[in-house]
Every structure is written in structure tokens, then in C-alpha cells.
> 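Sharing a structure below in C-alpha cells format, with a few things to ask.
Indexing begins at 1, ligand by ligand and atom by atom, following the structure's order.
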Amino acid sequence: YGSTRPERILAEVKSKATRGDARSVVDTIDQYCRHQEWAMNVGDEKGTILDSIVCEVKPRAMLELGTYCGYSAVRIASLLPPNSRLITMEFNPVFAAIARQVIAWAGVEDKVVLIEGPSGDWIPKMKKEFGLTSFDLVFLDHWKDCYLPDTKLMEECGLLRTGSILVADNVICPGAPDYLEYVRGSPRYESKYFRSHLEYTRVEDGIEKSVFLG
Ligand SMILES: Nc1ncnc2c1ncn2CCOCCNC(=O)c1cc(-c2ccc(F)cc2)cc(O)c1O
Ligand SMILES: [Mg+2]
């Protein structure tokens with residue numbers, strides 16, 4: 001029977017990465033996706049940019065849209081201060097099932113809450129469901145044409161406060177042009193582009209960091 005790419009990534013993690021060692025899980029996935037088969041993880045190069053922002057912000061409450069295999073959830077969770085939480089949202093139940101196992105293997109399950117479903121359905125429920133006031137940091141890595149509508153939805157639902165930071169992957173490849181135009185053109189955001197490459201390739205891509213000014 002044919003396994004899926006996420007299943008092959010999980011198998012690689014279980015056979016090569018040290019259980020409970022988040023760093024080795026991240027490195028194992030990067031090795032596999034660079035040398036065996038490409039996959040849409042944020043990757044090592046853009047991951048380093050994401051790491052520096054997470055370390056700078058030290059978020060108490062963080063949201064990730066688009067979990068996939070859990071690579072960035074593990075990366076982020078390993079950097080979170082004590083009693084901080086990452087809520088990560090995945091639409092695809094197959095991806096979510098794999099991500100739960102990758103997150104558990106890395107030993108960061110006590111910092112990560114994985115929820116399944118479309119972002120548009122969940123965002124309006126977040127405050128009540130999780131008893132939170134706002135997110136300190138949001139990592140957008142789901143459908144690229146959902147970045148803008150979901151950002152507007154988060155604004156409307158009061159999930160962003162003055163100083164909340166949005167970090168968006170793939171703003172060049174595959175691209176999120178309407179999102180870029182919005183955060184760069186709006187007086188309510190201070191935006192900065194970090195030039196990089198599409199994970200595991202030499203194709204240009206980048207991360208956009210946008211501070212919500214309220
Ligand atoms: N909770 C939710 N609500 C709604 N939708 C949701 C969701 N959770 C997931 N989804 C669905 C979308 O999930 C995956 C999104 N990510 C990408 O598509 C992606 C694609 C490439 C790529 C592919 C091919 C190339 F040739 C070049 C680049 C690279 C990347 O780094 C990407 O991140
Ligand atoms: Mg991405």
C-alpha cells in the first residue's frame with residue numbers, strides 16, 4: 001500500500017530522531033526533505049528567521065495556522081518560555097494525525113494544542129474556547145489566499161492587540177500578494193520583509209513580519 005509523504009516523514013522521525021529531543025526532530029525532517037523528498041515545512045533557512053522572532057517576542061499565547069507535519073510547531077514550542085502555549089490549527093485530518101505524533105515524539109506536547117478544522121470556522125470561537133484575550137504572535141502558513149481574510153477576521157474578533165505580531169510564510173512563493181499589499185499599505189501595520197528561499201531550494205521566498213498598531 002502506498003504511504004503518504006507525511007507518513008514517510010513520521011517514519012523517518014521515529015527511526016532517526018531522538019525521542020524527547022525537539023532539535024533532533026527538526027534536523028531529521030530537514031535532512032529528509034532536503035535529500036529524499038521535498039515537503040512544505042518552513043524549513044531550516046526560514047526557520048532560523050522564525051526562531052529569532054519567537055525568541056524576541058517570547059509569546060505567552062501564540063497561534064499557528066497550518067500545522068502540516070508539525071515541523072514548525074516543534075520548532076516554535078522548543079523556544080517558548082514556561083507556561084506559554086502554541087495553538088496550531090490544521091484543516092486536513094491526515095496531516096493533523098501525523099503532526100500529533102511528531103509533536104509527541106519531540107516531547108513538546110505540553111506546550112502545543114493542535115486543533116482541527118478550517119481557520120474561518122475556528123477563529124471566531126478562539127477567545128471563548130481557550131479563554132484568551134489576544135495572541136502575542138501569529139504564524140500564518142496555511143492556504144495563501146486565506147492569509148488576508150483570516151487576518152481581517154482576527155482583527156474583527158479582537159484577537160490582535162497593539163503590538164501583536166503576524167509572521168507570514170511564503171509571501172513570495174507560492175505568494176500572498178493581497179495580504180502583502182494589505183499589511184504594507186495599512187497604517188495599522190508596521191511591516192518588514194525578510195528575504196530568504198523556498199524551503200530546501202534556491203527559489204526566492206521570504207517571511208513578512210507585521211506589527212499590529214491597533
Ligand atoms: N486551519 C486551516 N485552515 C485553512 N486551510 C488550511 C488550514 N490548515 C491547512 N490548510 C490548508 C493548506 O495547508 C498547506 C498550506 N501551505 C502551502 O500550501 C505551502 C505550499 C508551498 C509550495 C508548494 C508547491 C510549490 F511548488 C512551492 C511552494 C510551500 C509552503 O511553505 C507552504 O506553506
Ligand atoms: Mg509555508
Side-chain angles (χ1 to χ4, degrees), residues 4-10 26 29-30 32-34 36-54 62-76 85-103 112-127 129-130 135 137-154 156-157 159 166-180 183 193-210:
T4 63
R5 185 172 315 193
E7 281 167 347
R8 292 192 290 274
I9 289 172
L10 175 61
V26 167
I29 295 174
D30 281 332
Y32 181 74
C33 295
R34 181 175 290 281
Q36 307 303 323
E37 62 174 329
W38 186 91
M40 59 183 171
N41 317 118
V42 72
D44 43 358
E45 197 178 311
K46 289 185 290 179
T48 305
I49 299 165
L50 177 62
D51 290 353
S52 61
I53 296 168
V54 172
M62 181 163 178
L63 174 65
E64 173 183 67
L65 299 175
T67 314
Y68 189 45
C69 295
Y71 170 92
S72 46
V74 167
R75 225 183 147 117
I76 291 161
R85 263 229 310 247
L86 169 69
I87 298 172
T88 183
M89 203 185 298
E90 178 50 56
F91 173 77
N92 182 319
V94 174
F95 295 170
I98 298 291
R100 286 188 202 288
Q101 297 173 74
V102 169
I103 288 161
V112 180
V113 176
L114 195 158
I115 52 182
E116 289 183 43
S119 46
D121 295 2
W122 266 106
I123 287 170
K125 297 189 296 189
M126 302 291 278
K127 280 197 164 198
E129 291 287 320
F130 297 96
F135 286 110
L137 184 54
V138 181
F139 180 47
L140 298 101
D141 195 22
H142 60 331
W143 270 320
K144 308 316 160 194
D145 55 11
C146 288
Y147 285 19
L148 181 53
D150 286 349
T151 296
K152 290 181 172 173
L153 193 54
M154 286 189 285
E156 285 153 24
C157 297
L159 284 168
L166 305 183
V167 177
D169 189 26
N170 312 115
V171 293
I172 303 301
C173 177
D178 57 345
Y179 173 81
L180 272 190
V183 290
Y193 176 63
F194 293 77
R195 188 162 182 224
S196 185
H197 297 92
L198 177 68
E199 47 269 27
Y200 319 117
T201 77
R202 303 154 78 99
V203 172
E204 178 170 351
D205 188 20
I207 279 186
E208 189 83 0
K209 175 191 174 189
S210 308

> Output the list of atoms in ligand 1 that are nearer than 4.0 Å to some heavy atom of Pro118, sorted by atom number.
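Listed by number with element, the hits are 3 (N).
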> Ligand 1 and Phe91, any nitrogen or oxygen pair closer than 3.5 angstrom?
yes
> Please confirm whether Tyr68 comes under 4.0 Å of ligand 1, counting heavy atoms of the residue only.
no
> Shortest non-hydrogen contact from Lys46 to Asn170?
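That would be NZ-ND2, 3.3 Å.
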> Evaluating non-hydrogen atoms only, which member of Leu198, Thr67, Asp205 is closest to atom 28 (C) of ligand 1?
Leu198
> Between Leu65 and ligand 1, which residue portion shows a heavy-atom distance shorter than 4.0 Å: side chain, backbone, both, or neither?
neither
> Quick check for you: to the nearest 0.5 Å, what is the distance between Arg85 atom CZ and Phe130 atom CZ?
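Rounded to the nearest 0.5 Å, the CZ-CZ separation comes out at 7.0 Å.
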> Start with the C-alpha distance between His142 and Tyr68, add both sets of side-chain angles, then the distance that settles ring-ring contact (aromatic ring centres under 6.0 Å, His included), and finish with yes or no.
CA-CA 9 Å; His142 60 331; Tyr68 189 45; over 10 Å; no
> List the atom of Leu63, the atom of Met154, and the distance in Å for their closest heavy-atom pair.
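Scanning both residues, the minimum pair turns out to be CD2-SD, 4.0 Å.
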> Answer with yes or no whether Gly66 contacts ligand 1, where contact means a heavy atom under 4.0 Å from a ligand atom.
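Right, Gly66 reaches ligand 1.
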> Ignoring hydrogens, what is the shortest heavy-atom contact between Asp141 and Tyr147? Give both atom names and the distance.
CA-OH, 3.5 Å
> Between the candidates Met89, Met40, Glu90, which shows the shortest non-hydrogen contact distance to atom 9 (C) of ligand 1?
Glu90
> Return yes or no for this condition: an N or O of Trp143 is under 3.5 Å from an N or O of ligand 1.
no
> Please determine which of Tyr71, Tyr32, Tyr200 meets the side-chain hydrogen bond (donor to acceptor under 3.5 Å, both in side chains) test together with Asn41.
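With Asn41 as partner, side-chain hydrogen bond (donor to acceptor under 3.5 Å, both in side chains) holds for just one option, Tyr200.
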> Short N/O distance, under 3.5 Å, between Ser119 and ligand 1?
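Yes, Ser119 has an N/O under 3.5 Å of an N/O on ligand 1.
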> Would you say Gly117 contacts ligand 1, with heavy atoms under 4.0 Å as the rule?
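The answer is yes: ligand 1 sits under 4.0 Å from a heavy atom of Gly117.
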> If you check every N/O/S atom of Asp141, which is the one nearest the Mg ion (ligand 2)?
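Among the N, O or S atoms of Asp141, the one closest to the Mg ion (ligand 2) is OD1.
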> Which atom names give the shortest non-hydrogen contact between Arg75 and Gly43, and what distance separates them?
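Residues Arg75 and Gly43, closest heavy atoms: NH1-O, 3.6 Å.
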> Return the closest protein heavy atom for atom 32 (C) of ligand 1 as residue, atom name and distance.
Asn170 OD1, 3.3 Å
> Among all protein heavy atoms in this structure, tell me which lies nearest to atom 23 (C) of ligand 1, with the distance rounded to 0.1 Å.
Trp38 CH2, 3.7 Å
> Measure the distance from atom 13 (O) of ligand 1 to every protein heavy atom, then report the residue, atom name and distance (to 0.1 Å) of the closest one.
His142 CA, 4.2 Å
> Does the protein put any heavy atom within less than 4.0 Å of atom 26 (F) of ligand 1?
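Flag for atom 26 (F) of ligand 1 set to false, no protein heavy atom closer than 4.0 Å.
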> Indicate the atoms forming the closest heavy-atom contact of Ser119 with Asp150, along with that distance.
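Nearest pair, atom of Ser119 first, then Asp150: OG-OD2, 2.5 Å.
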> Can you tell me if Lys144 has a non-hydrogen atom under 4.0 Å from ligand 1?
yes
> Restricting to N, O or S, what is the name of the atom of Asp169 that lies nearest the Mg ion (ligand 2)?
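In Asp169, the N, O or S atom with the shortest distance to the Mg ion (ligand 2) is OD2.
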> Taking Arg202 first and then Asp205, would you say they form a salt bridge - that is, a charged N and a carboxylate O separated by under 4.0 Å?
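Result for this pair is no, no salt bridge flagged.
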> For the 3.5 Å polar cut-off, considering only N or O atoms, please tell me whether Asn41 and ligand 1 meet it.
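Looking only at distances, the answer is no, because the N/O contact criterion of under 3.5 Å is not met.
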> I'd like to know if the Mg ion (ligand 2) has an N/O/S atom from Asn170 within less than 2.8 Å of it, counting both backbone and side-chain atoms.
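Within the cut-off used here (under 2.8 Å), Asn170 does place an N, O or S atom near the Mg ion (ligand 2).
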> Starting from atom 29 (C) of ligand 1, which protein heavy atom do you reach first, and at what distance in Å?
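Nearest protein contact, heavy atoms only, for atom 29 (C) of ligand 1 is Glu199 OE2, 3.2 Å.
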> Would you say Asn92 touches ligand 1, if touching means a heavy atom closer than 4.0 Å?
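Distance cut 4.0 Å: Asn92 fails for ligand 1.
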> Can you tell me which residue among Gln101, Arg5, Arg100 is in a side chain to side chain contact (heavy atoms under 4.5 Å, CB included) with Leu10?
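Of all the options given, the one that passes is Gln101.
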> So, applying side chain to side chain contact (heavy atoms under 4.5 Å, CB included) with Phe139, which one of Leu65, Val54, Val42 is it?
Val42
> List the atom of Phe135, the atom of Met126, and the distance in Å for their closest heavy-atom pair.
CZ-CE, 3.6 Å
